[in-house]
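Read through the structure below, which is laid out as structure tokens, and then see the notes.
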Amino acid sequence: MRKHILYPVLAVIILVALCSIMIIGELSGYFLNPTRDFETEMTDDKLIVVGISQLGSESVWRTANTDSIQKALSRENGYFAIFSNARQKQENQIKAIRSFISQRVDYIVFSPVTEDGFESVLIEAKDAGIPVILMDRMANVSDDSLYVTHVGSDMKAEGIKAGTWLASELKKKNIADDPVNIVILKGTEGSSSEIGRSEGFHQIAADHPNWNILAEVDADFTTTKAKEEMGKLLREFRDIDVVVSQNDDMTFGAVEALRERGYTTGVNGEVMIISFDACHEALTMVYNGVINVDIECNPIQGEYVSEVIRKLERGETIDKEYFVDEEVFTKDNVINALNSRAY
Ligand code: GZL
């Protein structure tokens with residue numbers, strides 16, 4: 001074959017061979033590891049792939065928490081986030097975490113709907129070499145190497161703040177030693193928010209034998225359930241002095257139930273209201289005297305999580321716990337928060 005034909009033909013053969021090898025390599029990578037989200041491979045390799053399992057969208061607080069993590073772990077900030085909403089079901093969170101493992105994400109971030117029940121799936125994540133960051137709520141595990149850190153609130157401290165505020169308020173009213181009838185609307189049974197807040201409040205209540213905790217009912221952090229449960233409590237007890245409601249959404253339901261039955265609430269009301277979360281709508285009710293005190297639980301945790309991931313990427317050591325900053329709001333100090341609150 002003449003040279004002036006041979007070389008171009010050879011060049012074409014080599015080119016075709018090289019392209020075939022590249023395509024086969026790419027596809028075999030895909031077919032051998034079908035579980036890794038192929039789209040991820042097509043993204044910029046420098047993006048950090050994070051699987052996020054959010055427990056649900058049950059409250060104003062949760063919406064703000066989701067917004068915070070999605071803003072922080074955005075593509076512009078160098079992340080490829082795979083987000084899953086478990087709709088309050090633990091089995092959905094476990095399924096999501098298993099899916100993140102099979103896609104070989106770089107990190108898993110999740111807020112456990114309840115403390116128990118995640119040990120085995122966290123062992124699977126650890127075996128797959130995927131660091132897990134707990135956001136908001138805690139998981140109850142026998143080996144704390146199953147998660148690298150927890151970013152959230154000190155829920156027991158929040159409960160203590162609520163009890164401490166009540167003790168000081170009763171003292172101010174000179175009724176510190178009078179019998180006080182209390183009902184507690186609890187958040188999702190077995191969640192670290194419910195466990196911690198209950199524990200903290202009970203720790204203070206133990207010092208006040210004149211505090212009668214008439215009932216503690218699970219209202220699952222929702223307005224509807226709280227209104228229903230508060231209605232039942234008002235049928236059972238005629239002389240409730242204090243409602244401790246473990247989040248603002250439940251407080252909205254409780255106040256509605258009380259008002260519908262002719263009770264007044266808050267600073268000059270018959271029934272004192274202690275709430276948790278401190279979302280804008282509830283702080284407005286604090287400002288208007290309808291709620292006596294709101295113990296802040298800060299949902300803006302995304303930046304903390306992102307900072308932890310960046311530290312891990314740089315090979316730096318991190319703490320086992322990062323608590324977000326939180327305050328206690330009453331009519332006296334709520335105005336500044338009202339003007340600045342994003343949620
Ligand atoms: C608290 C968080 C709780 C909020 C509720 O850290 O887990 O869950 O207090 C939310 O509003 O539903």
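Atoms within a ligand are numbered from 1 in the order they appear, just like the ligands themselves. As the structure is a computational prediction, the values presented were derived from the model and not from experiment.
The single protein non-hydrogen atom nearest to atom 8 (O) of ligand 1 is Arg137 NH2, 2.8 Å, given as residue, atom name and distance. Among protein heavy atoms, atom 11 (O) of ligand 1 sits closest to Asp277 OD2, 2.6 Å. The nearest protein atom to atom 6 (O) of ligand 1, hydrogens excluded, is given as Asp136 OD1, 2.3 Å; this is a heavy-atom distance. Shortest contact from atom 12 (O) of ligand 1 to any protein heavy atom: Glu58 OE2, 2.4 Å.
Between Arg314 and Glu307 there is a salt bridge, since at least one side-chain N of the basic residue sits less than 4.0 Å from a carboxylate O of the acidic one. A salt bridge is defined here as a Lys NZ or Arg NE, NH1 or NH2 lying under 4.0 Å from an Asp or Glu carboxylate O, and Glu58 with Arg87 fails to meet this definition. Salt bridge annotation for Lys232-Glu228: present, with a cationic side-chain nitrogen under 4.0 angstrom from a carboxylate oxygen.
The 12-atom threshold is exceeded at CG of Asp127, counting heavy atoms of other residues, nucleotides or ligands nearer than 6.0 Å.
Residue contact check: Asn247 has heavy atoms under 4.0 Å from atoms 5 (C), 9 (O), 11 (O) of ligand 1. Interface of Met155 with ligand 1, defined as ligand atoms under 4.0 Å from a residue heavy atom, comprises 1 (C), 6 (O). Annotation for ligand 1: atoms under 4.0 Å from non-hydrogen atoms of Ser59 are 5 (C), 10 (C), 11 (O), 12 (O). Of all atoms in ligand 1, listed by their number and element, those nearer than 4.0 Å to a heavy atom of Arg62 are 2 (C), 3 (C), 7 (O), 8 (O), 10 (C).
The closest approach between Arg197 and ligand 1 falls below 4.0 Å for a heavy atom of the residue. Under a 4.0 Å heavy-atom criterion, Cys297 is in contact with ligand 1.
Rounding to the nearest 0.5 Å gives a distance of 10.5 Å between CZ of Arg137 and CE of Met135.
Residues Phe100 and Phe110 place their aromatic rings such that the two centres sit no closer than 6.0 Å.
Relative to the ring axis of Tyr79, Arg310 places its NZ or CZ within 45° and under 6.0 Å from the centre. Cation-pi contact between Lys320 and Tyr147: present, with separation from the ring centre below 6.0 Å and deviation from the ring axis of at most 45°.
Considering both main-chain and side-chain atoms, Asp249 never comes within under 3.5 Å of ligand 1 through any nitrogen or oxygen pair.
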